[in-house]
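Structure record follows, encoded as structure tokens.
If you read the sequence from its start, that first residue is 1, and numbering goes on from there. Below, all heavy atoms of this structure are taken into account, side chains as well, without hydrogens, waters or symmetry copies.
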Amino acid sequence: MMIGKLPFSIALGAVCLPAWAHGELGGGLGMLSGVTHFLTSPLALAAWVGLVAAVFVVDEKRVPALVIASALAAGLGAFSVDYVATYLASMVVVLIGLTGVFAWRLSTMAAVLLALVAGFTSGLASELEPPTLARALGVAATQAALLAGALYTVPALDRIAQLKALTPIARRVLASWVTAIGMLMTALAIHLTKP
């Protein structure tokens, strides 16, 4: 009986409605507002998924450095919404996605650099209005929690014999979707900024 309710709960939670960040759920609650801004921003989620696809099966010793770098950059990106054009986030998401599509083996330094870029992009795409410290901390905490969960889960899935052949395909499929989302959002941003 509980299994039947699970897909409905996941579908309900996955609905991206930006008004959630300003309504009864997140509005005025500081850190929770930052969390809901992140979770209701398709570009912030695409940057996060793109980072997971790009680093995919990562050595567990590298995960804390990636999570800390990405979370700090997400908090900084959340504060930068007034200073950086937000349509740049969609262009960066394309590059993050392509890193996963080509399945490059990243060195530790390259992975940390990509985590910084993806975190900053996620924070920027969260579009906090106005950016406050509590909201930026909410964005950073969400980036850290989701990234840590994903980076510790993917290697465990890769160790399952039945899934070992599917994980490289899943990586490229996820990264392809991220790239497509970034391209569509970039085209939309360009179209909307034309005079």
Looking only at non-hydrogen atoms, find the nearest pair between [X] and [Y] and report the distance.
X: A54; Y: L106; value: O-CD1, 4.0 Å
X: S70; Y: L147; value: CB-CD2, 3.6 Å
X: A46; Y: V93; value: CB-CG1, 3.9 Å
X: G138; Y: V35; value: O-CG2, 3.6 Å
X: A89; Y: A125; value: CB-CB, 4.3 Å
X: A53; Y: R171; value: O-NE, 2.8 Å

Count the heavy atoms of every other residue, nucleotide or ligand shown that sit under 6.0 Å from CE of M183, and state whether that count exceeds 12.
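12 or below, so no.
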[X] versus [Y]: any side-chain heavy-atom pair under 4.5 Å?
X: L51; Y: L114; value: yes
X: L76; Y: L72; value: no
X: R62; Y: D59; value: yes
X: M185; Y: L43; value: yes

What distance separates [X] [atom1] from [Y] [atom2], expressed to the nearest 0.5 Å?
X: I181; Y: S90; atom1: CD1; atom2: OG; value: 11.5 Å
X: I190; Y: M91; atom1: CD1; atom2: CE; value: 4.5 Å
X: Q162; Y: L166; atom1: CD; atom2: CG; value: 10.0 Å
X: L137; Y: T142; atom1: CG; atom2: OG1; value: 10.5 Å
X: L146; Y: S122; atom1: CG; atom2: OG; value: 9.5 Å

Can you name the side chain to side chain donor-acceptor pair (under 3.5 Å) partners of [X], sequence neighbours left out?
X: T179; result: none
X: S126; result: none
X: T121; result: none
X: T167; result: D158

With hydrophobic residues grouped by side-chain heavy-atom distances under 4.5 Å, do [X] and [Y] end up in a single group?
X: I169; Y: W177; answer: yes
X: L113; Y: L151; answer: no
X: V154; Y: V67; answer: yes
X: L95; Y: L116; answer: no
X: L45; Y: V101; answer: no

If only atom types and distance count, is the side chain of S41 paired as donor or acceptor with the main-chain N or O of H37 below 3.5 Å?
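Not confirmed, S41 side chain does not pair with H37 backbone.
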Are any side-chain N or O atoms of R135 and backbone N or O atoms of P130, one a donor and one an acceptor, separated by less than 3.5 Å?
yes
The side-chain contact (heavy atoms from CB on, under 4.5 Å) partners of R105 (sequence neighbours excluded) come to none
ring-ring contact (aromatic ring centres under 6.0 Å, His included): pairs with one or both residues in residues 44-80, sequence neighbours excluded
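Checked against ring-ring contact (aromatic ring centres under 6.0 Å, His included) - neighbours excluded - no pair reaches residues 44-80.
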For V55 and T99, what are the C-alpha separation, side-chain angles and deciding distance, and is it a side-chain contact (heavy atoms from CB on, under 4.5 Å)?
CA-CA 9 Å; V55 295; T99 306; over 6 Å; no
